[in-house]
Amino acid sequence: MKSTRTTSAATEKERTRTSNAPLFEKDNYVWMIAGVVVMAIGFLLMAGGKSPDPNVFNDNEVYGFRRITLAPIVILSGLVLLTIALLRRPKNS
């Protein structure tokens, strides 16, 4: 009987140790910050400039390569970095 109590106490200690372990390591947080920064750069690329004359529509400014193609690619690459950060395993596991 005494050995089962000791074993259950040991498993309880292991359970509390694993539950108090951090969910992510420093590397994961670095990847997350990098993903957020890349996404912010993509949104800044998508942001528009103000037209000097509101009565004139400049379609090259609105539908240019930077806003239609480059910015979404940069935002998606930021999402990929965030996914890598979430799925990356710790080095010691």
Can you confirm whether F57 is buried at CZ, in the sense that more than 12 heavy atoms of other residues, nucleotides or ligands lie under 6.0 Å from that atom?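 Check passes, neighbour count above 12.
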Side chain proximity check, R67 to E61, heavy atoms < 4.5 angstrom: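 Heavy-atom side-chain distance check passes, below 4.5 Å.
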Minimum side-chain heavy-atom gap M39-V36 below 4.5 Å: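 A side-chain contact under 4.5 Å is absent here.
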Mind checking whether I41 and M46 sit in one hydrophobic cluster, side chains of I, L, V, M, F, W, Y counted as touching below 4.5 Å?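 In one cluster with I41: M46, no.
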Which residues pass the side chain to side chain contact (heavy atoms under 4.5 Å, CB included) test with L86, not counting sequence neighbours?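 Per chain and number, L86 pairs via side chain to side chain contact (heavy atoms under 4.5 Å, CB included) with F24, M32.
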Side chain to side chain contact (heavy atoms under 4.5 Å, CB included) assessment of N58 paired with V62: CA-CA 7 Å; N58 187 0; V62 176; over 6 Å; no
Run the side-chain donor-acceptor check on residues 68-84: report pairs under 3.5 Å with partners two or more places apart or on a different chain.
residue, atom, partner, partner atom, Å
S77, OG, I73, O, 3.4
S77, OG, V74, O, 2.6
T83, OG1, L79, O, 2.9

